[in-house]
Amino acid sequence: MDILHGLNAVPESFGALDGTVLTIGVFDGVHRGHQMLIKAAVDEAKRLQVPCVVMTFEPHPVAVFRPEAAPTALMPLEERARLIAELGVDALIVIDFRKELAGESAQDYFDKVVMGTLHARHVFVGENFTFGRNASGTSQTMVQLGEQNGVDVTVVRLLKEGATRICSTAIRDELAQGNISVAKDYMGRPFSVVGPIERGAGRGGRELGYPTANQYVADVSALPKDGVYAGWLTIIDDAPIGGNMVPGKRYPAAISVGTNPTFGDKRRSVESYVLDRDADLYDRMARVEFVAKVRDMVKFDSVDELLEHMARDVSRTRELLSEPVADSVE
């Protein structure tokens, strides 16, 4: 999949002869609703034998217009791109509203993007889609403009689970409550955190006997409620690892999210204890997947009490991850 940053990066010849199929959205989380929308566009592109194009936004448009109301991100752009590529998309156009499109009317937006730059023959949008200055255009506006200009437009209904609309907001709400299994169901995969492994206080291995891979996540990124979870850790860069781990393989891990209240640590972090492995992971890029909750975060009165619970956490993690370890696909 080609990744193009900005409309100016799109070659003039792109889609000019046979056109494209286009879908537009932030696609934060690339959850099941997003997957359904993108797959519909991919299927149509295959039928027409033209490229399938996804246009997305980085940063989130709300972060540009109303930064105080900007939602936390479920995943970085690189993860979004990886998951979108797996759906069979040919090109991803990344738009920065700080540089382009923010002041365009719905009509100009349609003329410039849909007709002009991307030569769309068919556009797929969700029913809650908005576009143009002050979000003046809706999915029905897109339908009307398509009818006026000979462009097919399909509005895909929002996916629901019972009475709940599957959306990024619902996933954030479930994560905030520690409902990892529900978030996993909505996303169609485990929620994950991606980031470099950094040096922490060194207390886990030196004092406690549980060396952890520490990731410090920016405040703009979503995290589950503070607590202990069972999950998987994968080193996603390609360099060899010193120790008995290899890149690209998922390893079971007991994962702590929080500020480590027993020792008064204030930085919120994701600390993963990889079971039965000993490796130098500092400065490596890792993906940590959350599978199930073990317990809430607790402040213990002594190190001995903490160690007792950590042993229980590891035992419970083994139970929850009893299925065979599988290699990840990178």
Side-chain angles (χ1 to χ4, degrees), residues 1-30 34-35 37-38 41-42 44-45 48 50-67 69-126 128-139 141-142 145-146 149 151 153 168 194 218 220-221 285:
M1 181 182 75
D2 294 324
I3 302 177
L4 305 172
H5 291 268
L7 294 172
N8 290 335
V10 180
E12 290 186 8
S13 60
F14 186 81
L17 183 60
D18 297 315
T20 67
V21 172
L22 170 67
T23 185
I24 308 170
V26 178
F27 301 120
D28 186 21
V30 196
H34 295 150
Q35 294 168 38
L37 175 61
I38 295 171
V42 168
E44 176 66 0
L48 295 175
V50 300
C52 180
V53 180
V54 169
M55 191 169 85
T56 193
F57 307 93
E58 179 69 17
H60 195 295
V62 176
V64 176
F65 301 117
R66 295 177 58 213
T72 54
L74 292 173
M75 60 179 58
L77 175 63
E78 293 78 10
E79 282 292 282
R80 271 190 282 159
R82 179 180 70 86
L83 293 167
I84 288 170
E86 289 178 355
L87 296 173
V89 171
D90 297 295
L92 179 68
I93 314 297
V94 183
I95 300 297
D96 185 340
F97 261 131
R98 296 168 298 186
K99 300 177 181 178
E100 54 187 336
L101 291 183
E104 303 281 357
S105 67
Q107 177 71 64
D108 290 343
Y109 186 113
F110 186 90
D111 292 343
K112 179 177 181 178
V113 177
V114 178
M115 297 285 293
T117 304
L118 298 177
H119 307 285
R121 291 172 57 180
H122 200 146
V123 179
F124 287 76
V125 294
N128 61 342
F129 173 73
T130 60
F131 67 108
R133 186 170 53 245
N134 300 321
S136 57
T138 66
S139 58
T141 308
M142 184 67 76
L145 291 171
N149 292 275
V151 177
V153 176
S168 299
V194 175
V220 296
S221 299
M285 188 65 67

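Hydrogens, waters and symmetry mates play no part in the numbers below; they use all other heavy atoms, side chains included.
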Write down the atom of G25, the atom of T56, and the distance for their closest heavy-atom approach. O-OG1, 2.9 Å
Closest non-hydrogen atoms of V26 and P61, given as atom of the first, atom of the second and distance, are CG2-CD, 3.7 Å
Could you check R82 against E86 for salt bridge (Lys or Arg N to Asp or Glu O under 4.0 Å), going step by step and ending with a plain yes or no? CA-CA 6 Å; R82 179 180 70 86; E86 289 178 355; 3.2 Å; yes
What one should report as the nearest heavy-atom pair of Q35 and V30 is NE2-O, 3.0 Å
Given I24, which of Y109, F131, F124 fulfils the side chain to side chain contact (heavy atoms under 4.5 Å, CB included) condition? Y109
Where the side chain of E44 meets the backbone of H122, is there a donor-acceptor pair that is under 3.5 Å apart? no
Fit a plane to each ring of H34 and F27, take the angle between them on a 0 to 90° scale, and name the class: parallel (under 30°), tilted (30 to 60°) or perpendicular (over 60°). perpendicular
Closest heavy-atom contact between E100 and L7? OE2-N, 3.2 Å
Value for CD1 (I95) from CD (E58), rounded to nearest 0.5 Å, stands at 12.0 Å
So for atom CG, which belongs to N128, do other residues, nucleotides or ligands contribute more than 12 heavy atoms lying within a distance under 6.0 Å? yes
L22 CG to I93 CD1 distance, which is reported to the nearest 0.5 Å: 8.5 Å
Picking from V42, I3, L92, what satisfies side chain to side chain contact (heavy atoms under 4.5 Å, CB included) with I84? L92
Please report the C-alpha distance between V151 and F110 in whole Å, then the side-chain angles of each, then the deciding distance to 0.1 Å, and finally whether the side-chain contact (heavy atoms from CB on, under 4.5 Å) criterion is met. CA-CA 10 Å; V151 177; F110 186 90; 4.1 Å; yes
Assess the residue pair M75 and L83 against the criterion (side-chain contact (heavy atoms from CB on, under 4.5 Å)); give the C-alpha distance rounded to whole Å, side-chain angles, the decisive distance to 0.1 Å, and a yes or no. CA-CA 11 Å; M75 60 179 58; L83 293 167; 3.6 Å; yes
Using atom types as modelled and distance alone, determine if a side-chain donor or acceptor of D90 lies under 3.5 Å from a backbone N or O of C52. yes
Nearest 0.5 Å please: distance from the OG1 atom of T20 over to the CE atom of M55. 11.0 Å
Looking only at heavy atoms, which two atoms of P51 and F14 are closest? And how far apart? CB-CZ, 4.2 Å
D96 side chain to R98 main-chain N or O, any donor-acceptor pair under 3.5 Å? yes
Closest heavy-atom pair, A106 versus T141, reported as atoms and distance to 0.1 Å, is CB-CG2, 4.4 Å
Could you go through E78 and V194, starting from their C-alpha distance and side-chain angles, then the distance that decides it, and tell me whether this counts as side-chain contact (heavy atoms from CB on, under 4.5 Å)? CA-CA 9 Å; E78 293 78 10; V194 175; over 6 Å; no
Spacing of L77 atom CG and H60 atom NE2 [to the nearest 0.5 Å]: 13.0 Å
Are the side chain of T138 and the backbone of T130 linked by a donor-acceptor contact shorter than 3.5 Å? no
Any donor-acceptor pair under 3.5 Å from T117 side chain to K112 backbone: yes
So, T23 side chain and I38 main chain: donor-acceptor pair closer than 3.5 Å or not? no
I'd like to know if the side chain of D28 and the backbone of L74 have a donor-acceptor N/O pair within less than 3.5 Å. yes
